[in-house]
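Lettering follows sequence order; numbering is per chain, from 1.
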Number of protein chains: 2
Amino acid sequence: MKKPRPVEPSALRLENQLCFALYTASRALTRAYQPLLAPLGLTYPQYIVMLVLWEGDGLSVSQLGARLALDSGTLTPLLKRLEDNGIVERRRDANDERVVRLFLTASGRALHGRALSIPGELACRAGYEPDAAGLKSLNRLREALEALTRRLDDASTGRGCEADDP
Amino acid sequence: MKKPRPVEPSALRLENQLCFALYTASRALTRAYQPLLAPLGLTYPQYIVMLVLWEGDGLSVSQLGARLALDSGTLTPLLKRLEDNGIVERRRDANDERVVRLFLTASGRALHGRALSIPGELACRAGYEPDAAGLKSLNRLREALEALTRRLDDASTGRGCEADDP
DNA sequence: CGATAACATATTGCGCGCAACTAAATAGCG
DNA sequence: CGCTATTTAGTTGCGCGCAATATGTTATCG
């Protein structure tokens with residue numbers, strides 16, 4: 001009979017945890033964005049939604065949700081707030097009354113210009129040189145995070161891990 | 001007079017955004033942890049708190065908050081829930097009635113054993129080899145995130161960026 | 001000692017995320 | 001056609017994060 005392999009107690013030390021680094025970095029980024037987004041009247045998740053709509057509007061709530069990995073429980077109230085603020089319009093599709101299509105209003109489109117400088121401003125505040133190898137390192141970090149996300153989503157979908165004997 | 005330097009419209013494309021990759025990866029990680037933590041009766045932020053307390057209890061709410069970059073608005077209700085679940089005890093410091101010190105109960109300590117295998121299990125589910133160079137790449141990712149967090153916190157503390165002329 | 005400032009935690013309010021469930025519309029099938 | 005299954009949003013409930021504020025405690029200064 002096999003004993004479950006022993007686990008080092010240090011496995012749970014906070015500073016060893018990728019999970020904690022990721023959790024903290026994500027919150028730090030949201031905090032850093034907040035003062036830049038406040039003048040536009042946007043929260044950070046609202047800004048993420050606007051990034052998609054600025055690329056092209058008219059998509060449905062579920063298409064937006066697929067892009068962002070968010071469901072209607074999050075998006076519906078968020079989009080209603082954007083609509084209340086006059087930035088977004090929600091219209092039922094005439095051919096399929098189930099789907100709600102999302103459109104930018106004039107002021108929603110106008111926000112795009114004011115948002116353009118935000119990523120650069122944030123990178124600058126964080127001390128990244130705009131043209132240096134720092135850009136390359138940011139890209140590598142982004143790719144590593146995307147790879148991690150893919151693996152984690154697979155892990156959530158699948159169940160368990162292979163045991164000792166196949 | 002200098003024009004503000006033009007910004008590429010692609011600056012706002014979603015797939016170019018480190019911020020989106022980080023936001024998505026953080027949520028994916030929380031989702032991946034959730035089925036492993038549910039048997040312990042812990043949410044992901046509660047697990048992060050327990051990681052600190054397992055390293056040593058008796059610390060104050062503000063010390064815990066400094067470690068996690070969380071304030072009492074988040075921690076107080078979270079800790080009350082842990083106390084209601086019989087995992088943590090909150091005691092006012094006898095020498096300073098302002099501070100609340102946090103202690104593990106017996107069942108809180110007992111949870112530690114059940115939690116030890118979680119990081120490895122998750123790494124395995126995500127397809128990382130436990131002893132391969134994959135471990136090294138996870139460490140590099142963690143260090144990159146920690147460096148980013150430090151820079152972002154500096155950016156949040158400080159104000160603005162240097163202009164074109166010093 | 002008494003007033004006041006500084007400090008530690010608690011409370012309130014709001015906006016996510018997400019699970020679970022509901023409601024309405026369409027698709028598909030006998 | 002009628003009935004069920006599927007699809008799409010919306011709703012509810014709960015637990016964060018975090019800003020703003022309140023409450024109670026200790027320190028400081030005259």
side-chain N/O A:Tyr23 vs D:dG17 OP1/OP2, d < 4.0 Å:
yes

Under 4.5 Å between any side-chain heavy atoms of B:Tyr47 and B:Ile118, yes or no?
yes

Please check the phosphate of D:dA9 (OP1 and OP2 only) for any side-chain N or O of A:Ser60 closer than 4.0 Å.
yes

Are any of B:Thr43's side-chain N or O atoms less than 4.0 Å away from OP1 or OP2 of D:dC16?
yes

Think B:Gln46 has a side-chain N or O under 4.0 angstrom from the OP1 or OP2 of D:dC16?
yes

Could you tell me whether B:Arg91 and B:Glu89 have a side-chain N and a carboxylate O separated by less than 4.0 Å?
yes

Judged by nearest nucleotide, the residue sitting upstream toward the 5' end of DNA chain D, B:Leu78 or A:Arg90, is A:Arg90

Between C1' on C:dA8 and CG on B:Leu64, what's the gap in Å once rounded to a whole number?
14 Å

Do you know which two heavy atoms are closest between B:Leu141 and A:Ala144, and how far apart they sit?
CD1-CB, 4.0 Å

Starting from C1' on D:dG15, measure out to CD1 on B:Ile48 and report it in whole angstrom.
15 Å

So that I can tick it off, tell me whether B:Arg67 and B:Glu55 are bridged by a salt bridge, with the cut-off set at under 4.0 angstrom between side-chain N and carboxylate O.
yes

Output yes when at least one side-chain N/O atom of A:Arg92 is less than 4.0 Å from OP1 or OP2 of D:dG10, else no.
yes

Would you indicate what A:Ala28 reaches in the nucleic acid, counting non-hydrogen atoms under 4.0 angstrom: base, sugar-phosphate, or nothing?
nothing

Among the nucleotides D:dG17, C:dT9, C:dC18, which one has an atom lying closest to any side-chain atom of B:Pro45?
D:dG17

Of A:Val100 and B:Pro77, the one whose closest nucleotide on DNA chain D sits nearer the 5' end is A:Val100

For B:Leu79 and C:dT9, give me the distance from atom CG to atom P, rounded to whole Å.
10 Å

Every protein N/O lying under 3.5 Å from an N/O of nucleotides 20-29 of chain C:
residue, atom, partner, partner atom, Å
C:dT26, OP1, A:Glu97, N, 3.2

Could you tell me whether A:Glu97 and A:Arg92 have a side-chain N and a carboxylate O separated by less than 4.0 Å?
no

Give the rounded distance in Å between these two atoms: CG of A:Leu75 and P of C:dG17.
10 Å

Let me spell it out: for each of A:Thr74 and B:Gln63, pick the nucleotide of DNA chain C with the closest heavy atom. Which residue's pick is nearer the 5' end?
B:Gln63

Presence of B:Lys80 side-chain N/O under 4.0 Å of C:dT11 phosphate oxygens OP1/OP2:
yes

Look at A:Thr76 and D:dT11 and indicate whether a side-chain polar atom (N or O) is within less than 4.0 Å of OP1 or OP2.
no

Whole-Å gap separating P (C:dC16) and CG (A:Leu29):
16 Å

Whole-Å distance, B:Tyr33 OH to C:dG17 C1', equals 19 Å

In whole Å, I'd like the distance from the CG atom of B:Leu68 to the C1' atom of D:dG15.
16 Å

B:Glu146 side-chain N/O to B:Glu143 backbone N/O, donor-acceptor pair under 3.5 Å
no

On the six-membered ring of A:Tyr23, is A:Arg27 placed so that its NZ or CZ lies under 6.0 angstrom from the centre and within 45° of the ring axis?
yes

Taking B:Leu70's backbone N and O only, do any of them form a donor-acceptor pair with B:Thr74's side chain (distance below 3.5 Å, no angle check)?
no

Would you tell me if any nitrogen or oxygen in the side chain of B:Arg31 comes within less than 4.0 Å of OP1 or OP2 on C:dG17?
no

Whole-Å gap separating C1' (D:dT11) and CZ (A:Arg81):
14 Å

